[in-house]
Each structure stands twice: as C-alpha cells, then as structure tokens.
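Read through the structure below, which is laid out as structure tokens, and then see the notes.
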Amino acid sequence: MEFLYDVFVFVHFASWALVLGGTIASMRSKALYKAVSHGAWGAVGAGVIMTGIAEMSDLWADGGPSMAKIGVKLAVAVVVAVLATLAVRKGEDVSPGLKSAVLGLTVVNMVVAVFWH
C-alpha cells in the first residue's frame, strides 16, 4: 500500500506543479491553458485517493495530518478546480483577476500543506 500511496503523492505534486506552472505561463495570454483545469481536478482526485489509502492502511499510524487540514486543503483545491474550469470555458475572455485567483489559491494550498502541522 505504501508504494501505491507514493504513486498518488507523485501524481498530486505533479498536478499542482501543472496548475502553478500553467497559470504562470498563461498570465501573458488572454486564455488559461486547459492543462491547468485538468491538473487541478487531478490534484483533487489524487488527494482524496491518498487520504483514503492512508486511512485504510497503517500509513498514518502515528496520527497523520489533522482532518481539519485535509478539509481545508480539499475545499481550497475544489475552489481552484472550479475557477480553473470556469476560466477555461471562457476561452479568450478570461480576466487577469480570475487567473490571479487561481494562482493565489494554489499558493495558499501549498502553504497550508507545508506549514500546517
């Protein structure tokens, strides 16, 4: 189970890297790259699967992260995914504020992951 958990940790990190990098790369264009939306939903899915695997096995025998932290990360991730999906659907009409919201909330999610113990 630990190997499977590690696979989903990699997918989770790669998905967030796609969201962060894709959003930064699209700041000068009028549209948001479709990969940002796919990465955000991939990060949500991988995070949920990681939590399920860790709860079913003994990976978090020491207590693991608090469920409050996981809940906050899930809520922020879903908001990022919904905003990215809306931005992609707008096509060339995406406001810089919407892109900035996706970028800012992505960074907030990473800060929560690193600094909330």
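Numbering of residues begins at 1 and proceeds along the displayed sequence.
- In this structure, CG in Asp6 is found 9.5 Å from CE in Met50, a value given to the nearest 0.5 Å.
- Under a hydrophobic-cluster definition in which Ile, Leu, Val, Met, Phe, Trp and Tyr are linked whenever side-chain heavy atoms come within less than 4.5 Å, directly or via other members, Met67 and Ile49 are assigned to the same cluster.
- Using a 4.5 Å heavy-atom threshold, the side chains of Pro65 and Trp116 count as separate.
- Among all heavy-atom pairs drawn from Ala87 and Leu32, the shortest one is CB-CD2, 3.6 Å.
- Put simply, the side chain of Thr51 does not reach to within 4.5 Å of the side chain of Phe8, judged on heavy atoms.
- Summarising the geometry of Ala84 relative to Ser37, their closest heavy-atom pair is CB-CA, 3.9 Å, with the distance given to 0.1 Å.
- Of the inter-residue distances, the one linking Lys69 atom NZ with Phe115 atom CZ reads 11.0 Å to the nearest 0.5 angstrom.
- Using a 4.5 Å cut-off between side-chain heavy atoms of Ile, Leu, Val, Met, Phe, Trp and Tyr, with links allowed through other members, Trp16 and Trp41 fall into different hydrophobic clusters.
- When the side chains of ILVMFWY residues are joined at heavy-atom separations under 4.5 Å, either directly or via intervening members, Leu83 and Leu74 end up in two distinct hydrophobic clusters.
- For the atom pair CD1 (Ile70) and NZ (Lys73), the distance works out to 8.5 Å, reported to the nearest 0.5 Å.
- The minimum heavy-atom distance between Gly39 and Ser15, with the atom names listed, is O-CB, 3.2 Å.
- Grouping the Ile, Leu, Val, Met, Phe, Trp and Tyr side chains by contacts below 4.5 angstrom, directly or via other members, places Val107 with Tyr33.
- Here Leu103 contributes atom CG and Leu98 contributes atom CG; the two are 11.5 Å apart, rounded to the nearest 0.5 Å.
- With contacts defined as side-chain heavy-atom distances shorter than 4.5 Å, the pair Val36/Val88 does not qualify.
- Atom OG1 of Thr85 sits about 8.5 Å away from atom NE2 of His38, to the nearest 0.5 Å.
- The closest donor-acceptor contact from the side chain of Ser26 to the backbone of Ser29 lies at 3.5 Å or more, if one exists at all.
- Val19 places a side-chain heavy atom less than 4.5 Å from the side chain of Val80.
- Phe13 and Leu4 end up in the same hydrophobic cluster when Ile, Leu, Val, Met, Phe, Trp and Tyr side chains are linked at under 4.5 Å.
- A donor-acceptor pair under 3.5 Å links the side-chain atoms of Lys99 to the main chain of Ala31, judged by distance alone.
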